[in-house]
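A short write-up of the structure that comes next.
Along the sequence shown, residues carry numbers from 1.
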Amino acid sequence: MGVETVLLLVLASVAVIVAVHAVAERSGLPAAALLTVVGLGYALLPAAEIELDPEVVLTLVLPPLLYSAALESSLGAIRRNLRTVVSLSVLLVLVTALVIGAGFALFVTGATLAAGIALGAAVAPPDPVAALAVGRKVGLPPRLVTLIQGEGLLNDATALTILTVAVTAAQGDGFSTPAAVGQFLVAAVGGVLAGLAVALGVRPLRRLRRDPLTSNAISLATPFVAYLIGEALHVSGVLAVVVAGLVIGHNNASWASGASRLQTNAVWRLVNFLLEGFVFLLIGQQLPAVVRGLGEYDTGTVVTASLVTVGGMLLVRPLWLLLTESLPQSLHTRLGAAEDPGAGPGRRLSGREIVVLSWAGTRGVISLAAIFTLPEVTSSGEPFPDRSLLLFCAFLAVLVTLVGQGVTFAPLVRALGLRADRGDQARLRNQARIASVEAALRRLDDLASDDCDDVEGEALDVLRSQLRGRLAGYRKRMDMLVDAEPGEVPLAPQYEAALRFRRAALDAQREELLRWRDGGRLPDEGLRSLTRELDHEEGRLPTRAP
């Protein structure tokens, strides 16, 4: 395709992404599922076929998506839930790959165990993007959000390592369990160390240049640097990206300036919006590529392979969760409950939570990218066993979960009544606000105890007065939250009125600045600078009383 054709496709894709998100907001349907369906529709048109290049996805698309997700994750919450996250992202991925591999070897005519495990490894890791987007919208409890996030951050490294070992065995190069375990441990430990090294290397750079543009450039480059270093060292580049993102996100409050954080967050939101949109469109467009090679298989073989893949994928996850939750307490995977008020540190998942976690296992572009990395031929020159069938089964697994589970996830969560307690969240945040203002007043008292001249003393008095007024408002808000019913977040009429009047005042200020610019009294540079001040002030106003 020529440059103009590529540009037209990119622009058309952006237009589709924006339109689909608008439809998703109005209809309540997940944007990921709608984009996939649109991609399927495009694949059926007599237009230019766009084939998925696995190297492009694994090198250019996966690192920024994983890094952005890691920045927004809670390292502390994942650490408290580490054993559960490892159970889902390592052990469950391994069991899923083995079950699908065994099913292929037993029920699909002519299929080998190694080829089946390669398929199982590709479809084993859930892509949490769609589930988390819906889960946050319907108010999924923070504990479940942490588990889904943590699983999605770490399971790709496990799956890609298993896939490499399975492909080696399928090519006839032999399989050694000790060697496979050793390879996995080296990849995992090396990936963690590489990610830590990148995070520690970023820290002095961020402190040396704290201006927003430099911080943005460093932030955008970091996931690619981590991935390339991991791959160059023959360890898990995916895990290096995740670890770097978790450490940097955990320390971002002290490593970057406020202006840098505001701009970096905005940039990563845009990157996520576009990349995720392109990814889900790309999934649907792979239909011609995966159907093309099915002519050599009879219908019975295709149906059997599809049932083994989809059935194994859908059944293993809930069974694994039920099994791990039924273990004796001494062996039970510890679930940290610091973010779940009232829950003890060893509380098991409830039946409703198991159902939601089971249905949150949507597969995505990583599964397709992984299966497309299968070689065309083995090391002996023979065609890779059942490659076309494996591609189709992986595509079907992604389609069934992304569309089927994606569309039904929100209604399921609502039907089960499994939602975060907004009242508890509001009380916790208000307590933190009170503590932060009290700390500020103590710091000002310390400064006032030093020798201050009249000007400094007056400035301190003004600032203390402002903070005390804010503290009084927070304490009044706290009293309302304490007296509220469980789960209720009361809205003070005065608070809502103040927000409405403040926004009206900001609009009036912008209109007056525009009149000054249009009347030639204020240059455009001055308008942009003053408007930016108002924009930051408006950005601090909450959309709702938290």
Side-chain angles (χ1 to χ4, degrees), residues 88 90-126 155 158-175 177 180 286-287 289-323 358-359 361-364 366-378 380 382-405:
L88 293 173
V90 178
L91 300 179
L92 178 56
V93 170
L94 177 60
V95 170
T96 303
L98 292 176
V99 167
I100 293 177
F104 252 68
L106 290 174
F107 301 111
V108 179
T109 305
T112 64
L113 176 63
I117 291 177
L119 171 63
V123 302
N155 57 15
T158 306
L160 293 175
T161 303
I162 296 172
L163 178 68
T164 301
V165 174
V167 169
T168 301
Q171 288 181 314
D173 296 335
F175 177 81
T177 300
Q286 301 315 299
L287 180 62
V290 299
V291 172
R292 190 179 299 124
L294 288 181
E296 60 185 280
Y297 300 98
D298 60 77
T299 303
T301 300
V302 174
V303 171
T304 302
S306 301
L307 290 175
V308 168
T309 305
V310 177
M313 181 185 60
L314 294 180
L315 291 176
V316 169
R317 186 175 179 86
L319 290 176
W320 178 263
L321 287 168
L322 287 171
L323 174 64
S358 299
W359 211 242
T362 54
R363 273 58 175 179
I366 304 306
S367 294
L368 285 185
I371 204 67
F372 269 83
T373 61
L374 294 180
E376 297 279 351
V377 296
T378 64
S380 63
E382 296 292 324
F384 191 90
D386 298 316
R387 185 178 188 273
S388 298
L389 184 61
L390 300 181
L391 292 180
F392 175 78
C393 290
F395 179 83
L396 184 64
V398 170
L399 191 62
V400 167
T401 57
L402 193 54
V403 177
Q405 290 180 320

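Considering all non-hydrogen atoms of both residues, Val302 and Phe392 come closest at CG1-CE2, 3.7 Å. Across all non-hydrogen atoms, the minimal contact from Cys393 to Thr309 is CB-OG1, 3.5 Å. Here the shortest heavy-atom pairing between Tyr297 and Asp386 reads OH-CA, 3.1 Å. Closest approach of Ser358 and Leu321 over heavy atoms only: OG-CD1, 3.4 Å. Of all the heavy atoms in Trp320 and Val95, the pair that sits closest is CZ3-CG2, 3.7 Å. The minimum heavy-atom distance linking Pro126 with Ala124 is given by the pair CD-O, 3.1 Å.
Expressed to the nearest 0.5 Å, how far OG of Ser388 lies from CD of Glu296 amounts to 5.0 Å. With rounding to the nearest 0.5 Å, the separation of OG1 in Thr304 from CZ in Phe104 is 9.5 Å. Here CG of Leu368 is found 7.0 Å from CZ of Phe395. Values are rounded to the nearest 0.5 Å. Here the CD atom belonging to Glu376 is positioned 10.5 Å from the CZ atom belonging to Phe384, to the nearest 0.5 angstrom. Atom CE in Met313 sits 9.5 Å away from atom OG1 in Thr96 (nearest 0.5 Å).
The side-chain heavy atoms of Leu389 and Val108, taken from C-beta on, include a pair separated by under 4.5 Å.
Counting only residues at least two apart or in different chains, salt bridge (charged side-chain N to carboxylate O under 4.0 Å, His left out) contacts with residues 307-321 comprise Glu151-Arg317.
With hydrogens and angles left out, the side-chain atoms of Asn155 and Thr158 include no donor and acceptor closer than 3.5 Å.
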Could you pull out every donor-acceptor pair under 3.5 Å between side chains of residues 112-121 and any protein atom, sequence neighbours left out?
residue	atom	partner	partner atom	Å
Thr112	OG1	Ala115	N	3.2

Distance-only donor-acceptor hits, side chain of residues 397-405, under 3.5 Å, sequence neighbours excluded:
residue	atom	partner	partner atom	Å
Thr401	OG1	Arg363	N	3.0
Thr401	OG1	Ala397	O	2.9
Thr401	OG1	Val398	O	3.2

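A donor-acceptor pair under 3.5 Å is formed between the side chain of Arg387 and the backbone N or O of Phe372. Formation of a donor-acceptor pair under 3.5 Å by the Thr373 side chain with backbone atoms of Ala370 is found in this model.
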